[in-house]
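First the structure, in the form of C-alpha cells, and then the observations on it.
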Amino acid sequence: MPDTRFSLVVILAEPEIADRIVADVKRLGARGYSRYEGFSEWRRGRGPDDAPGPHDWEGTHVRIETVVRAELATTILDHLSASYFRHYAVFAYVADATIARRDKYL
Amino acid sequence: MPDTRFSLVVILAEPEIADRIVADVKRLGARGYSRYEGFSEWRRGRGPDDAPGPHDWEGTHVRIETVVRAELATTILDHLSASYFRHYAVFAYVADATIARRDKYL
Amino acid sequence: MPDTRFSLVVILAEPEIADRIVADVKRLGARGYSRYEGFSEWRRGRGPDDAPGPHDWEGTHVRIETVVRAELATTILDHLSASYFRHYAVFAYVADATIARRDKYL
Amino acid sequence: MDPLDLLRLGVLSPMTLCFALGVLATLLRSDLKFPEPVYTALSIYLLLAIGLKGGAALATTSAGEIALPALAGIALGAAIPFWVYAALRRLGGFGAVDAAALAAHYGSVSAVTFIAALSYVQSLGMPAEGFMPAVLALMEVPAIVIALLLAREGRSADGLGTALHEVLAGRSILLLAGGLAIGFAAGPRGYEAVRPFFSDPFQGALCLFLLDLGMVAALRFKDVRAVGRFLVAFAIVAPLVNGAAGVAAGWAIGLSPGGSAVLGTLAASASYIAAPAAVRLALPSANPGYYLTASLALTFPFNLVAGLPLYAWFARFLHG
Amino acid sequence: MDPLDLLRLGVLSPMTLCFALGVLATLLRSDLKFPEPVYTALSIYLLLAIGLKGGAALATTSAGEIALPALAGIALGAAIPFWVYAALRRLGGFGAVDAAALAAHYGSVSAVTFIAALSYVQSLGMPAEGFMPAVLALMEVPAIVIALLLAREGRSADGLGTALHEVLAGRSILLLAGGLAIGFAAGPRGYEAVRPFFSDPFQGALCLFLLDLGMVAALRFKDVRAVGRFLVAFAIVAPLVNGAAGVAAGWAIGLSPGGSAVLGTLAASASYIAAPAAVRLALPSANPGYYLTASLALTFPFNLVAGLPLYAWFARFLHG
Amino acid sequence: MDPLDLLRLGVLSPMTLCFALGVLATLLRSDLKFPEPVYTALSIYLLLAIGLKGGAALATTSAGEIALPALAGIALGAAIPFWVYAALRRLGGFGAVDAAALAAHYGSVSAVTFIAALSYVQSLGMPAEGFMPAVLALMEVPAIVIALLLAREGRSADGLGTALHEVLAGRSILLLAGGLAIGFAAGPRGYEAVRPFFSDPFQGALCLFLLDLGMVAALRFKDVRAVGRFLVAFAIVAPLVNGAAGVAAGWAIGLSPGGSAVLGTLAASASYIAAPAAVRLALPSANPGYYLTASLALTFPFNLVAGLPLYAWFARFLHG
Ligand SMILES: Nc1ncnc2c1ncn2[C@@H]1O[C@H](COP(=O)(O)O)[C@@H](O)[C@H]1O
Ligand SMILES: Nc1ncnc2c1ncn2[C@@H]1O[C@H](COP(=O)(O)O)[C@@H](O)[C@H]1O
Ligand SMILES: Nc1ncnc2c1ncn2[C@@H]1O[C@H](COP(=O)(O)O)[C@@H](O)[C@H]1O
Ligand code: NA
Ligand code: NA
Ligand code: NA
C-alpha cells in the first residue's frame, strides 16, 4: 500500500522568500502547510566560500512544514533546489510521518 | 526491547480547542508536552466539501508535540479522531524518535 | 553510503541555558541550527521526585534543532546528558532526516 | 449638521481611514503585518481603558441613573436573538445551529464598534453618558446564553456550561468588568494618575487597532460571495433594525442624544470576539464561515462607515 | 493619615487593583494572556523610564547629596544576605545552596516594587528624592555576589564569573544603569523631549505590567503549600525586618520621609528578575521552586499590599 | 552655535545615546533583546505617525509650496544611483550587481534617519517644513527602480515587477503614504484627536526604536572588516557628498534652514528597510553582506552622530 508512506517536508528559508515558497508548495499540490518563525544563523551571501565580502548572517527565518506523499516531497525538494538553493538561504529535509485522517491527503 | 520505540506525536489544532487537547494529552498519560504558535490555512467549516458556506480559513494554529510510547501515540490519535476530527480543524501525525533520558519516559 | 544517514536532533531547554546549549552545539561541529520559542510544563527543581519543595513548572522554553550526521547526534546527546540533565530541564530526541543539499553537510 | 455632514465626519475620521488603509493593505497584498502579540496588547489596552474610564464615571453615578439604561441594554440583548433566529431560519433557510450561532453574534456586542461610537459622538459634541461601558459589559453575555438555548431546539447543545465559562472568564468580559471595578474602587482621583496612559492616547491606539482590524476583515472579503445573498442583506439590515430599536429605547428611557446613539450602536453591533469563541466550543457544527464573515467583514465595516452617522442622526432626530 | 488610611490608599490604587485582577484572571482560568513580547516590552519601558528619570535628577544632584544614600543602599544589600542565610540554614533547616539562593534574592531588589513605592509615596504627597533610581541600581548586584560566595561554604560554586556577567550585562542593570547614564548626559533639558513618553504614561504602563505580574504570580500560588510553613513565614517576616532596617537607615542618614520609605521598600523587596537568572546559572542545584515562590508569590504581593503602607507609616513615624 | 555645539547637542540627545546603549548591549553580550513584534510595532508606529503629521501639514500647504521640494527630492534620488554605481564599479572594483544593489540603497532613503533629523533640527530651534514627510515618501522609490535598471547592464534583471510591487506595497511606503493621505483627509482638526498618541510620545518611542536598532547594527560590526576598506570609506564619503548636495538643493529652492538640513539628511541617508527587501528579490546574486553592512552598520550611525550636525551646520552656513 504505497499510500501510507507519507513524508514530512521541513523548509527553513530566509524571510524575504517565505511567501514565494509557500505559494510554490501549494501550487505543486500540497494539501496544507504550516509556518513558524524561528531564529538561526546562516550563510546569506551565496556563492563559493572564498568569494569576497561577508557571508554569515543571523536573524529570523521562516519554517514551512507540509505533510505530503513521498513523490510530492521529492518534487518539492527538486523545485526548491532548482529555484532557490543557488542564491538564497534555504535548508530542507524530509522525514517519515504516519498521519491520522489519511484519506484526506491521498 | 519494545521500550525503545518512542513516537513523536505532532498535533496542529485551531486555537479555540488547544487547551482542551493539551488537557486530554496529559490525561491520557503523556509525561510532557510542548506547544508553539504557528500560522496556516485550513478548512474550518467542517462537513462535506459541497456543503454551503465558506470553508477555507487562515490564521494562527497551535502546534502540540509530545514524545510517548508507541501504544500511547495510537491512543492519542484515536481520541483526537473520535473527539475533534468531525467538527474541528485538527491535523496530526506520528514520527519515530529516539530519546535521551529514556528511563524517565517508560 | 553511510553519508546519507542524517539525524535531526531536537532539544527543548529551559530559557536560562539556551544560549549555552547553542554554543555547545556549534562547538561540537554542527553546521547550522535553528531555534524557536515554545511553552511547556516541566520539572524544574531537579533531583529525586521525593525531594522536598515544589518541582513542577510551566513557562517558555527554547527549542533548538540541528541536522547532523548520526555520529555527531550521539556526541551531542552525550554532551547534553553529561552537562545539563542533572540540574536543568532539558529534553532531547533524535529522528531520521533526509536532507536536500547533502553535500554541504558532510 | 445634516446626514451628509455626519457621514463625512465619520468617514474622514482618522479611525475610519485607518480601517480603510488596513483593507487596502490586504487587497494590495502588502507585507504589512501586525504581529499577533501587538494585536493582543492593543485589545487588552482598549478594553481595560474603556473599563477604567467607565468605572471612574460609575463612582459618581447614582444607582438610579444607571438602572434603566442597564435594563434597556439587557432587554435589547435578550430580544435580538429571537428575531434574528426566526428570520434566518424561516426567511434565510438556515439550519438551527447556524441560525443560533448568528443570533448569538448579533445579540451580543462589539467593543470596538462601541469605542468608535463613543469617540464619534464626542467629536460631534454630543458625548454619551460616562457609564455606558457598564452597559456594554452587561450586553455581552445574555444574547449568547439565549442563542445557545435556542440551538437546543434543533439538537442537544452540550457544553453550555463550558461556553458560559468561556465568555464570563474570557478576556473581554474580564478586562471590561475588571476595569469597571478598578475604576469604581479607585475613583476619579485614582483614575487621574493613569489618565495620561489610558485616556489621552486612547483614540490614537484605536486607530492602530482599526488598521489591523481592516487587514483582518479584508481577509474575509473573499468569503462574502460564498455566504449567499441573503446573509449579505441580513448583515446590513439587521444592524439598521437593531440600531433603530436601540436609539429609540435610549430616547424612551431618557438618555442623552449621544447616549441614545451609543445604545443604538451597541444593539446594532455584532460581536466578533466573545461570541465566536463561545460558539466555536458550544456549537461546533455551526460554520464559522457564516458568522465571522457576517459580523466582521460586513456588519462591522457597515457600522463604522454608515451606521454610526445614521444612529447619531436618528438620535438627533428623535431628541429633536 | 492613620495606618488604615495609608492601607486603603495603597490597596485601592489602580496599580494594586490591576495586580489583583491579574491574580483573579489566573484563578478563574481566564483566557487572558499577555504575550511574552508584551511583557518584555513593558519591562524594557519601565526600567529605561525609571533610569532616565533618575539620571535627569542626578544631573542636578551634588555628589555629596547622594554619597550617603548610595552607601546605605550598598550596606543594606551586603548585610541582608548574611542574616537571611543564617536564619534559613539554622532555623529553617535549608541546605547551603538553597539558603544562599534565597539570600541572593532577598538581598537584591525588585525594580517593580521600587517603582510602585515611588508612585505610592508620591500619591501620599511625600515624594522621594529624585536620585533614588541610582540607589536601586547600586543595590541590585552586591547581595548576589555575597550570596554566591556564601554558597561556596557548602560546595565549590563554579560559574561565579558567568553569573556576575549575567547580572551586570543582564537587561535589568543594563537598562537601569544605561538609562541613568543617558538621563545624566542629556540632562533635564534632553529629558523634556522624551517626558511625554517616559514619564506621563508611566503609572498606566505600570498598571498593565502589574496585571500581567498578577497572572504570573498566581501561577505559583499552588506551590505555596509545597515550600513549607517556615518559608511562608520567612517571606512575610523578612521584608518586615529588612523594610524597618531600610526605613531607619534612611531616617538616620537624613533622607526625606518619602526617601526613607522607598529605601525601606528596596531593602524589603526580593529580586525576581536579576537574581533568579544569576542563581539558575551559578547554583543550578538550588531549587527554583523555593526562591521564585517566596519572592514572586509571597513577598512581592505582601509588599505591594501591606508593605508599602507600613514602610510609609514607619517613615512618617520616625520623621515625626 | 558653532559646529562643536551642534555635535554635542546631537551626540548627547537621548536618541543618539539610546542607539549607543543598544550598541553597548550587543558588545557586552547582554541578554537584552527586543522581541521581533516590538520592533515591528515600533516601526509601524513611527512610520504612520510621521505620515499622519505630514499629511495634516499638507492639508494647509499649497501645491505651489511643495512642488519644488518634491521635484528636488526626486531629482536627488534619481541622480545619486548613477554616481554611486559608477564609483563602486570603476574605483571600487565591485561587480555590476553589487554596485547596483548599493546604488539602490544610497539613492533611496532611511525613514529613521529622517525622523531623527526632524527631531534634531527642532531641538536646534530651526524646524523643517511640515510637508517634508511627503518628500520622504517620494524619495523612497525612484532610486530603487533606477538601480535595478542599471543592474540590467550587467545581466538580465528579472523580477523588476515583483521588486517594484514589493516596494510600493511594502509596509514602509504603505504606512507613510497611507498616513499622509489619512492626515490630509482628516486635516488638522482630525489630527488633534490622535495627537496625544502619535505626536507627543513620538520622540520617546524613537528612543526605544534606536535602542533596538543599535543592537541590530552592532551585530553587523564584525562584518565591517570583511567588506573591505573601499566600502568603509565609501559609506562615510557618500553621505557627505549626497548630504552636501541635498542641503545645497534645499537652499537653492528656498527651503528654510531646517528644511535644507533635512533634505540633506534624506539625500545622505541609505535605506535599510525598503531597498534591502526589493534588492534581495530582484538581485538575488548581490551579496547582502555588502549593502546591509554599509547602510546599517556604517552610514546610519555616521549620519546619526556626525552627519546630522554637519548638515545642520552647512545649512546654517548657506542660509547665512
Ligand atoms: N498536509 C499538511 N501538512 C501540514 N499541515 C497541514 C496539512 N494539511 C493540513 N494541515 C494543517 O492542519 C490543520 C488542520 O487542517 P485541515 O484538516 O485542512 O482543516 C491546519 O493547521 C492546516 O494548515
Ligand atoms: N514526553 C515529552 N514530550 C515532549 N516534550 C516533553 C516531554 N517530556 C518533557 N518534555 C519537555 O521537555 C522539557 C524538559 O522536561 P523535563 O525533563 O520533564 O523537565 C520541558 O520543556 C518539557 O515540557
Ligand atoms: N544542519 C542544520 N540544521 C538545522 N538547520 C540548519 C542547518 N544548516 C543550516 N540550517 C539553517 O538553514 C537555513 C539556511 O542555512 P544555510 O544553507 O547555511 O544558509 C538557516 O536558517 C540555517 O540556520
Ligand atoms: Na448587538
Ligand atoms: Na532586598
Ligand atoms: Na539617500
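Each chain gets a letter, A, B and so on, in the order the sequences are listed, and its residues count up from 1.
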request  = Please work out which of the three classes, parallel, tilted or perpendicular, describes the rings of E/F300 and E/F19, given edges at 30° and 60°.
outcome  = perpendicular
ask   = Most heavy-atom pairs under 4.5 angstrom with chain E, which of F/P37, F/A20, F/A205?
value = F/A205
query = When heavy-atom pairs shorter than 4.5 Å are enumerated against chain F, which of E/A41, E/G170, E/G178 gives the highest number?
reply = E/G170
remark   = With chain E, the option among F/P14, F/A25, F/C207 that has the most non-hydrogen atom pairs under 4.5 Å is F/P14
query = Which pair of non-hydrogen atoms, one from F/L28 and one from E/H165, has the smallest distance, and what is that distance?
reply = O-NE2, 3.0 Å
query = Between E/L174 and chain F, which part of the residue has a heavy atom less than 4.5 Å away: side chain, backbone, both or neither?
reply = both
remark   = For E/R195 and E/P201 the tightest heavy-atom approach is O-CD, 4.3 Å
task = Without swapping roles, check the side chain of F/S199 against the backbone of F/P196 for a donor-acceptor pair under 3.5 Å.
result = no
key: Shortest non-hydrogen separation from E/A78 to E/P81 and the atoms involved   = O-CD, 3.4 Å
request  = Measure the acute angle between the ring planes of F/Y45 and F/F197, then classify it against the limits of 30° and 60° as parallel, tilted or perpendicular.
outcome  = perpendicular
key: Region of F/L42 in contact with chain E, defined by heavy-atom distances below 4.5 Å   = neither
Structural part of E/I182 lying under 4.5 Å from a heavy atom of chain F = both
task = Identify which of F/L211, F/L24, F/L208 forms the greatest number of heavy-atom pairs closer than 4.5 Å to chain E.
result = F/L208
